[in-house]
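Each remark here refers to the structure printed beneath this line.
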Amino acid sequence: MRVLITGGAGFIGANFVHHTLTHRPDAEVTVLDALTYAGNKASLASVADRITFVHGDITDRDLVDSLVASTDLVVHFAAESHNDNSLANPEPFVLTNLFGTFTLLEAVRKYGVRYHHISTDEVYGDLELDDPAKFTETTRYNPSSPYSSTKAGSDLLVRAWVRSFGIHATISNCSNNYGPYQHVEKFIPRQITNIIDGVRPKLYGDGKNVRDWIHVDDHNAAVWTIIDKGVSGETYLIGANGEQDNKTVIELILELLGKDAGDYDHVTDRPGHDLRYAIDSTRLRTELGWQPRYTSFRDGLADTIAWYQQNEAWWRPQKAETEQKYAVSGGTQ
Ligand code: NAD
Ligand code: TDX
């Protein structure tokens, strides 16, 4: 099977490339990635001779047309993915997440190619801390940030292309991922690499905000389950019952690195900061038979910390520039 993976030099996409080459040895993998600040070819260095890498933009209609014409499946990860960046400058989010998805949809429509759309639980907005509810496939869309609103819009484009044009597509909305190759702008890698650098971790606001953590490899196994067994036109939520508040996560990272659990700074909160995300993945588990393999967040986090300790050459080039961005946007004071 020929598989076109957009955003394959990013965090989840690169892990998906590795996962695919390990578990689907017959797959012929092509990666399309614009190598924005978030893309890193080093994440694919160990498999460079087993894939075709195309440096290009998903908004480039001619390029997308020619690549989709010669594939059997498109798995669409490419996106502008960071909420804080979307508050500082929303424009690339609109272009990539909306126009880029539109460009792919037009090509899969033209060539009748199977399409899987990667999305986020943030399209549903947030939940109260004391609410027993979780997001399900029928929760109303209510995004908060420029990032999540452009992801919500991209999901709606997919649904419309299914209904209006009959494309063969599935959608998955996943909770917060952690694991290797995640950019140091994101919460967990930022704190790990800060501590390695002797800098105190930065907690937004009071740290009571809850995220529902899933190991990236569990997310990617779920994506393949949906590609294999999912019903065309349907949406599946992916989550591993990993709810943790941010304060607890920072304290756990500090503990696992042998530091004092109180050794962090409270910094200015993110505007519009979503309070809590929580996924009910019953549908994926009961209808398609998926189960997460990483059932201990503590063990998965310890593995991730070890990866960042052993792969400083991978993240070091991004670190100073990332902290400079935070200094300008105020996420450090
Ligand atoms: P990332 O920012 O690490 O990677 C994004 C990749 O897309 C980068 O390699 C970048 O170069 C590429 N890209 C950006 N704009 C492009 C363009 N115009 N053309 C081609 N390539 C472009 O993101 P990630 O965390 O790996 O997220 C991947 C997908 O998963 C996104 O769609 C995101 O919304 C979704 N998602 C992420 C999470 C999470 O916790 N990280 C959770 C749920 C869903
Ligand atoms: O330094 C920090 N301190 C802090 O307290 C950073 C960078 C973040 N935070 C908080 C904000 C969030 O409550 O940690 C939480 C996680 O933050 P991010 O890593 O920025 O993730 P989030 O905003 O939850 O979005 C992530 O999950 C859903 C991904 O970035 C999205 O792409 C995905 O859709």
Side-chain angles (χ1 to χ4, degrees), residues 5-16 31-41 43-44 54-60 63-64 75-87 92-93 95-97 99-101 103-104 117-123 126 143-145 147-148 150-151 154-155 172-179 181-191 194 201-214 216 219-220 223 238-239 244-247 249-250 264-270 272-277 279 322-323 326 329 331-332:
I5 301 171
T6 71
F11 163 46
I12 307 176
N15 278 285
F16 187 79
V31 168
L32 171 60
D33 198 294
L35 295 177
T36 68
Y37 80 95
N40 191 342
K41 268 188 98 171
S43 306
L44 301 172
V54 179
H55 182 192
D57 201 297
I58 57 165
T59 63
D60 180 337
L63 176 62
V64 165
V75 190
H76 177 35
F77 291 91
E80 286 290 338
S81 70
H82 193 35
N83 277 297
D84 291 323
N85 292 341
S86 82
L87 297 165
F93 290 76
L95 291 174
T96 288
N97 301 356
F99 195 74
T101 298
T103 306
L104 287 160
H117 185 72
I118 303 293
S119 193
T120 169
D121 59 0
E122 297 193 19
V123 299
D126 60 355
S144 311
S145 71
Y147 163 68
S148 54
T150 56
K151 290 298 293 186
S154 73
D155 294 7
S172 54
N173 297 78
C174 189
S175 58
N176 284 59
N177 286 219
Y178 71 97
Y181 301 113
Q182 187 169 28
H183 194 280
V184 293
E185 70 188 353
K186 300 295 190 328
F187 179 53
I188 287 177
R190 185 181 184 207
Q191 315 313 333
N194 272 356
K202 310 296 177 198
L203 186 65
Y204 292 173
D206 60 13
K208 288 187 180 151
N209 307 62
V210 170
R211 296 295 181 265
D212 188 355
W213 293 100
I214 182 172
V216 65
H219 179 183
N220 285 329
V223 170
I238 307 174
Q244 302 281 348
D245 68 51
N246 293 340
K247 181 169 175 292
V249 174
I250 278 207
Y264 61 87
D265 294 332
H266 287 274
V267 298
T268 313
D269 207 356
R270 172 185 287 171
H273 195 173
D274 279 342
L275 205 47
R276 171 174 161 252
Y277 306 138
I279 287 275
T322 302
E323 288 306 314
Y326 277 120
S329 68
T332 54

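Counting starts at 1 for both ligands and their atoms, following the listed order. Sequential numbering from 1 along the given sequence is applied to the chain's residues. Heavy-atom basis, side chains included; hydrogens, waters and symmetry copies ignored.
- Of the protein's non-hydrogen atoms, the one nearest atom 38 (C) of ligand 1 is Ile12 CD1, 3.6 Å.
- At a 4.0 Å heavy-atom cut-off, ligand 1 touches Ser175 through the backbone alone.
- Residue contact annotation: Cys174 has a non-hydrogen atom under 4.0 Å from ligand 1.
- Short contacts between ligand 1 and Gly56, defined as distances under 4.0 Å to a heavy atom of the residue, involve ligand atoms 19 (N), 20 (C).
- Checking only distances, Arg190 does come within under 3.5 Å of ligand 2, N or O to N or O.
- The shortest N or O to N or O distance between Asp121 and ligand 2 is not below 3.5 Å.
- Between the side chain of Ser86 and the main chain of Tyr147, a donor-acceptor pair closer than 3.5 Å is present.
- Taking only nitrogen or oxygen atoms, main chain and side chain alike, Asn177 reaches within less than 3.5 Å of ligand 1.
- Atom 32 (O) of ligand 1 has Lys151 NZ, 2.6 Å as its closest protein atom, hydrogens excluded (heavy atom only).
- The pair Lys202-Asp265 meets the salt-bridge criterion, since a charged nitrogen lies less than 4.0 angstrom from a carboxylate oxygen.
- Heavy-atom minimum distance, Ser119 versus Asp155: OG-OD1, 2.8 Å.
- At least one N or O atom of Phe187 sits closer than 3.5 Å to an N or O atom of ligand 2.
- With ligand atoms numbered from 1 in the order given, ligand 1 contributes 43 (C), 44 (C) to contacts under 4.0 Å with heavy atoms of Thr120.
- His266 and Tyr264 have their aromatic ring centers within a separation under 6.0 angstrom.
- Here CD1 of Ile118 is found 4.0 Å from CZ of Phe77. Values are rounded to the nearest 0.5 Å.
- Of the protein's heavy atoms, Asp33 OD1, 2.6 Å lies nearest to atom 11 (O) of ligand 1.
- Residue Lys202 approaches ligand 2 through these ligand atoms, each under 4.0 Å from one of its heavy atoms: 1 (O), 2 (C), 3 (N), 4 (C), 5 (O).
- If you number the atoms of ligand 2 from 1 as listed, the ones under 4.0 Å from a heavy atom of His273 come out as 11 (C), 12 (C), 13 (O).
- Using a 4.0 Å cut-off to heavy atoms of Ala78, the atoms of ligand 1 that qualify are 7 (O), 21 (N), 22 (C).
- Close contacts of ligand 2 with Tyr147, meaning ligand atoms under 4.0 Å from a residue heavy atom, involve 31 (C), 32 (O), 33 (C), 34 (O).
- Below 3.5 Å of separation, one finds no N or O of Glu80 facing any N or O of ligand 1.
- For Thr6, the heavy-atom gap to ligand 1 stays at 4.0 angstrom or more.
- Residue contacts with ligand 1 do not include Ala14, since none of its heavy atoms lies under 4.0 Å from the ligand.
- Within the listing of ligand 1, atoms 40 (O) sit less than 4.0 angstrom from a heavy atom of Asn176.
- Closest to atom 28 (C) of ligand 1, if we only count protein heavy atoms, is Phe77 O, 3.4 Å.
- When hydrogens are left out, the protein atom nearest atom 3 (O) of ligand 1 is Phe11 N, 3.0 Å; that is the closest non-hydrogen contact.
- Near Tyr326, meaning under 4.0 Å from one of its heavy atoms, ligand 2 places the atoms 7 (C).
- Rounding to the nearest 0.5 angstrom, the gap separating the CG atom in Asp245 from the CZ atom in Arg211 is 11.0 Å.
- Partner of Asn209 under the side chain to side chain donor-acceptor pair (under 3.5 Å) criterion, out of Arg276, His273, Arg270: His273 alone.
- Residue, atom and distance of the protein heavy atom nearest to atom 35 (C) of ligand 1 are Ile118 CG2, 3.8 Å.
- Taking each of Thr36, Val31, Leu63, Val123 in turn, the one with a heavy atom nearest to atom 10 (C) of ligand 1 proves to be Thr36.
- In terms of polar-atom proximity, defined here as any N/O pair under 3.5 Å, Asp57 does make such a contact with ligand 1.
- Nearest protein heavy-atom neighbour of atom 19 (N) of ligand 1: Ile58 N, 3.0 Å.
- Atoms of ligand 2 found under 4.0 Å from any heavy atom of Gln191 (numbered from 1 in listed order, with element): 1 (O), 2 (C), 3 (N).
- By the 4.5 Å heavy-atom criterion applied to side chains, Phe187 and Gln182 are not counted as neighbours.
- Distances below 4.0 Å separate heavy atoms of His82 from the following atoms of ligand 2: 20 (O).
- Geometrically, ligand 2 and Lys186 share no nitrogen or oxygen pair separated by less than 3.5 Å.
- A distance of 3.5 Å separates CG in Asp84 from OH in Tyr204, rounded to the nearest 0.5 Å.
- The main-chain N or O of Thr150 is never found under 3.5 Å from a side-chain atom of Asn97 such that the two would form a donor-acceptor pair.
- Scanning all heavy atoms of the two residues, the minimum distance from Ser172 to Val223 falls at OG-CG2, 4.2 Å.
- Residue Asn83 places at least one N or O, backbone or side chain, under 3.5 Å from an N or O of ligand 2.
- Applying the side-chain hydrogen bond (donor to acceptor under 3.5 Å, both in side chains) test to Asp274 and every residue at least two apart in sequence or in another chain returns Ser144, Tyr277.
- Under 4.0 Å from ligand 1, the heavy atoms of Leu35 that appear belong solely to its backbone.
- At a 4.0 Å heavy-atom cut-off, ligand 1 touches Tyr147 through the side chain alone.
- Of the polar atoms of His76, none of the N or O atoms is found under 3.5 Å from an N or O of ligand 1, judged by distance alone.
- Below 3.5 Å of separation, one finds no N or O of Glu185 facing any N or O of ligand 2.
- The atoms of ligand 1 that sit less than 4.0 Å from any heavy atom of Ser81 are 1 (P), 2 (O), 23 (O).
- For ligand 1 and Ser119, the ligand atoms under 4.0 Å from any heavy atom of the residue are 43 (C), 44 (C).
- Scanning the protein for heavy atoms near atom 4 (O) of ligand 1, the closest one is Gly10 CA, 3.3 Å.
- Looking at Arg270, Gln244, Arg276, Arg211, it is Arg270 that brings a heavy atom closest to atom 18 (P) of ligand 2.
- Those atoms of ligand 1 that come under 4.0 Å of a heavy atom in Thr96, given as number and element, are 15 (N), 16 (C), 17 (C), 18 (N).
- Interface atoms of ligand 2 facing Thr120, defined by a heavy-atom separation under 4.0 Å, are 28 (C), 33 (C), 34 (O).
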